[in-house]
Amino acid sequence: MEDNKAKTGTSETGGTPERKNFVHEIVEEDLKSKRYDSVHTRFPPEPNGYLHIGHAKSICLNFGIAKDYKGLANLRFDDTNPTKEDVEYVDSIKTDIRWLGFDWDDREFYASDYFEKLYEYAAVLIRKGKAYVDNLNADQIREYRGTLTEPGKESPYRSRSVEENLDLFERMKKGEFPDGSKTLRAKIDMSSPNINLRDPVMYRILHATHHRTGDKWCIYPMYDWAHGQSDSIEGITHSICTLEFEDHRPLYNWFVEQLGIHHPRQIEFARLNLTYTVMSKRRLLQLVQEKHVDGWDDPRMPTLSGLRRRGYTPESIRLFADRIGVSKADSVIDVSVLEDCLRLDLNKRAMRAMAVLRPLKLVIDNYPDDKVEELAAVNNPENETMGTRTVPFSKVLYIEQDDFRENPPKKFFRLSPGSEVRLRYAYIIKCAGVEKDEKTGEVTEVHCTYDPDTRSGLPASQRKVKGTIHWVSASRAIDVEARLYDRLFTVEDPSGENWKSFINPNSLEVVKNCKAEPGLANVKPQDRFQFERLGYYCVDNDFKPGEPVFNRAVTLRDTWAKIEKR
RNA sequence: UGGGGCGUAGCCAAGUGGUAAGGCAGCGGCCUUUGGAGCCGCCAUUCGCAGGUUCGAGUCCUGCCGCCCCAGCCA
């Protein structure tokens, strides 16, 4: 794993956040008014899936706020539903957060750490007459709840005595009752306009094995009961969550007030949506299970593991989180914002290399047959300290098929019969003719002459030439595979029930036998390069020795493609 | 037709009574041994709509309209 510690959360420079949002303002007010004297946040994932870019927004916010205000951020797994959770997910979540550049030190917690405490708290509420054991089944509870416009009605079991409730609750814990036969409910207000306050279920009976507590428990706290108290127990000051929990807040407040324990402030923000993808864990799971993608880390997935494999850097994702801001308005971010963040980062850092995706043979007729020159190429024109390397040049080269047109359209600056072009870091060449396949008429070979005086660095190389193209020596090139990714969906907003009909059937194009400069023979997974004039590519973690696989993370901006489209 | 939120450019988003930041996208141009990168310019007489208060309103008040969330023993 690379060293990529985030210097600060929301800003990369340290000190107060570069860019403030309404959450920062609330935190600052709370500090100023002494409501809290320090800041303590937490990132609370449920280990039932892999983290995605939307979680990254939350991670950057929570860990960022902690850093910006010299506080702490915890990692807490909200593991209250053993039927959906798994250690595979907790491991991946930890890996992804660290990769993103954040650290929770020894503050790795689990809601399940608090099961005992939560049980005691529940008993406190029962003793206060604020909670009761209900015998209604799930369907009945639904019926009794009422609707959005009609109040609910009270359960016939609502007025049991404290003693009976205590006894029943203990026996629920002991496993005397089957799943679904009883619940513990808060006694609040069945006619509240806020449905969350209509005697919410606190515990359900679930004879299931938990990934951490095993078979110790057969009653499990509901999220609404566990979450606020977990925050309280950890001394969380600012409990940052997404908008849909806004009307749960009165319930969370009610619990901590009834219990008389530390009261965090909950702040809600809008979750991230991105164009051309889906973000719900349920749908991502479906893509994986139904094999629409290769797994959670498929480079087309918006998961952090997918983005990582695709070639995204932690820095680019943090920059993205910073750029999109935090607000309460529902929004959909154009995926081009994300892509731009990656280009910006990699442009400054990635090694350049020459690779030809779809090779076309080019013969330099007046170049000596067996001569090979090692020509100097700049590793990164944006960063001199990255130095230079050497690239072999010879009589027979490969160039990109797209870089030659027998009948060039207007403004085509590349190679065509009679035209002149610069071979990057090499010579200026002129096209003398082509060879074609007799049957198909397809151009199979391009013939050129070169001007020996125009080798890069020589005075005559200063000559202005319309275009510069990349190339690779045919005899010295290595074969590589390129995986070209496109958006996973064909429409900006693939929501709705028929979302799967928008899956892009062409989201992956595998191109084998690409030709690359020999220096690329010894790459390691996760190495990132800019293939000049093409895009940023990242070495996949799965390839046979000798033929590296490169994932295209993002293309370079292609103004020619735009011109040609018109 | 209950409750909770949200409406500033194509997409995000600043703005906290003093005359609409910034980014992405788009469009022009400069520059260029990556049609890359970079640079310059253009892109909201107006902030969902309508009234009102004020010398002055995106900001305050009133009314309306639109969108999102909530009726799991999911989180």
Side-chain angles (χ1 to χ4, degrees), chain A residues 19-21 25 44-46 48 78 80-81 83-85 134 136-138 141-143 145-152 179-185 192-198 200-206 219-220 222-224 226-227 241-250 268 270 275 281-282 322-341 343-344 347-348 352 354 378 381-382 411-414 422-426 428 454 456-457 461-470 492 530-535 555-563:
Chain A
R19 197 182 163 158
K20 287 192 194 175
N21 56 55
E25 285 179 10
E46 184 192 13
N48 68 342
D78 268 333
T80 55
N81 186 353
T83 66
K84 290 188 176 169
E85 297 152 7
D134 198 355
L136 257 30
N137 65 34
I141 286 181
R142 190 179 317 117
E143 283 164 31
R145 187 152 33 222
T147 68
L148 294 178
T149 51
E150 302 160 78
D179 287 5
S181 60
K182 285 184 172 47
T183 56
L184 182 75
R185 294 231 257 163
S192 172
N194 181 344
I195 290 179
N196 296 302
L197 265 20
R198 318 240 264 229
V201 173
M202 294 167 62
Y203 279 94
R204 75 283 218 184
I205 300 173
L206 231 43
I219 56 171
Y220 289 94
M222 298 290 290
Y223 172 86
D224 273 353
H227 189 79
C241 65
T242 44
L243 252 27
E244 67 271 26
F245 293 105
E246 202 147 17
D247 39 47
H248 294 234
R249 191 174 60 215
E268 309 86 7
T275 55
K281 278 201 214 171
R282 194 190 110 241
D322 197 34
R323 275 193 181 180
I324 59 177
V326 178
S327 77
K328 298 191 68 154
D330 291 317
S331 64
V332 185
I333 307 289
D334 197 309
V335 70
S336 67
V337 178
L338 216 210
E339 294 171 343
D340 186 68
C341 291
R343 287 194 194 101
L344 196 72
N347 177 46
K348 292 174 301 192
R352 307 289 124 122
M354 290 199 283
V378 171
E382 306 291 319
K411 294 200 177 170
F412 184 81
F413 301 155
R414 281 109 97 144
R422 183 191 306 278
L423 292 176
R424 174 135 244 227
Y425 297 128
I428 295 173
T454 60
S456 290
S461 72
Q462 303 298 310
R463 211 169 86 218
K464 295 287 175 217
V465 183
K466 273 275 179 73
T468 299
I469 65 174
H470 61 280
E492 278 197 13
Q530 183 200 93
F531 287 169
E532 294 218 29
R533 304 207 308 130
L534 297 176
T555 61
L556 255 25
R557 279 204 193 89
D558 189 350
T559 48
W560 166 243
K562 265 184 214 165
I563 293 168

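Note on naming: letters A, B, ... go to the chains in the order of the sequence lines (proteins, then strands), and numbering restarts at 1 for each one. If you're wondering where the values come from, they're calculated on a predicted model, not measured in any experiment.
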Select one nucleotide: of [options], the one nearest the side-chain heavy atoms of [X].
X        : options             : answer
A/Thr80  : B/C12, B/A75, B/U33 : B/A75
A/Tyr425 : B/U33, B/A37, B/C74 : B/U33
A/Asp247 : B/A13, B/G3, B/C73  : B/G3
A/Thr559 : B/U34, B/C73, B/G36 : B/G36
A/Lys411 : B/C73, B/G35, B/G36 : B/G35
A/Asn81  : B/G4, B/C74, B/A71  : B/C74
A/Pro381 : B/U34, B/A75, B/C24 : B/U34
A/Asp340 : B/A75, B/A25, B/G72 : B/A25
A/Ala329 : B/C6, B/U33, B/A75  : B/C6

Give [X] one of three labels, base, sugar-phosphate or nothing, depending on what nucleic acid heavy atoms sit under 4.0 Å from its own.
X        : result
A/Ile141 : base
A/Arg323 : sugar-phosphate
A/Ser336 : sugar-phosphate
A/Pro44  : nothing
A/Ala138 : base
A/Tyr203 : nothing
A/Arg145 : sugar-phosphate
A/Glu382 : base
A/Gln462 : nothing
A/Thr275 : nothing
A/Leu197 : nothing
A/Lys84  : sugar-phosphate
A/Ile563 : base
A/Lys466 : nothing

| Knowing that exactly one of A/Ile219, A/Leu184, A/Asn81 qualifies, which makes a side chain to side chain contact (heavy atoms under 4.5 Å, CB included) with A/Arg204? | A/Asn81
Distance, rounded to the nearest Å, where [X] contributes [atom1] and [N] contributes [atom2]:
X        : N     : atom1 : atom2 : answer
A/Glu25  : B/A13 : CD    : P     : 15 Å
A/Ile195 : B/C69 : CD1   : P     : 15 Å
A/Lys328 : B/C6  : NZ    : C1'   : 9 Å
A/Leu556 : B/A37 : CG    : P     : 6 Å
A/Asp558 : B/G36 : CG    : C1'   : 10 Å
A/Leu534 : B/U34 : CG    : C1'   : 9 Å
A/Asn137 : B/G72 : CG    : P     : 13 Å
A/Asp334 : B/A25 : CG    : C1'   : 6 Å

| query | Charged N to carboxylate O below 4.0 Å: is that the case for A/Glu25 and A/Lys20? | reply | no
| said: Closer than 4.0 angstrom, basic N to acidic O: yes or no for A/Glu246 and A/Lys328? | reply: yes
Please confirm whether any donor atom in the side chain of [X] sits under 3.5 Å from an acceptor in the base of [N], or the reverse.
X        : N     : result
A/Thr468 : B/U34 : no
A/Asn194 : B/G4  : no
A/Arg414 : B/G35 : yes
A/Glu268 : B/G4  : no

Any chance you could measure [X], atom [atom1], to [Y], atom [atom2], to the nearest 0.5 Å?
X        : Y        : atom1 : atom2 : value
A/Thr80  : A/Glu85  : OG1   : CD    : 6.0 Å
A/Met354 : A/Tyr425 : CE    : OH    : 8.0 Å
A/Arg249 : A/Glu268 : CZ    : CD    : 4.0 Å
A/Arg533 : A/Asp558 : CZ    : CG    : 9.0 Å

| remark: Checking N1-N3 plus N6-O4 or O6-N4 for Watson-Crick, or N1-O2 and O6-N3 for wobble, each under 3.5 Å, the partner of B/A37 is none
| request: If B/C49 has a Watson-Crick or G-U wobble mate with both distances under 3.5 Å, name it; if not, just say none. | output: B/G63
What's the gap between [N] and [M] when it is taken at their [atom1] atoms, as a whole Å value?
N     : M     : atom1 : value
B/C60 : B/G17 : P     : 9 Å
B/C24 : B/G38 : P     : 9 Å
B/A13 : B/G48 : P     : 14 Å
B/C27 : B/G66 : P     : 36 Å
B/C65 : B/C49 : P     : 15 Å
B/C30 : B/G58 : C1'   : 37 Å
B/A21 : B/C67 : P     : 31 Å
B/U46 : B/U59 : C1'   : 14 Å

| query | How would you label the glycosidic angle of B/G72: syn (within 90° of 0) or anti? | reply | syn
Counting only side-chain nitrogens and oxygens, does [X] get under 4.0 Å of the OP1 or OP2 atom of [N]?
X        : N     : result
A/Arg533 : B/G35 : yes
A/Arg249 : B/C70 : no
A/Arg557 : B/U34 : no

| Judged by atom type as modelled, is there a donor-acceptor pair below 3.5 Å linking the side chain of A/Arg422 to the main-chain atoms of A/Ser461? | yes
| field | A/Lys411 vs A/Trp560, side-chain contact (heavy atoms from CB on, under 4.5 Å): CA-CA, chis, key distance, verdict | value | CA-CA 9 Å; A/Lys411 294 200 177 170; A/Trp560 166 243; 4.2 Å; yes
| field | Side chains of A/Arg352 and A/Val378 in contact at under 4.5 Å (non-hydrogen atoms) | value | no
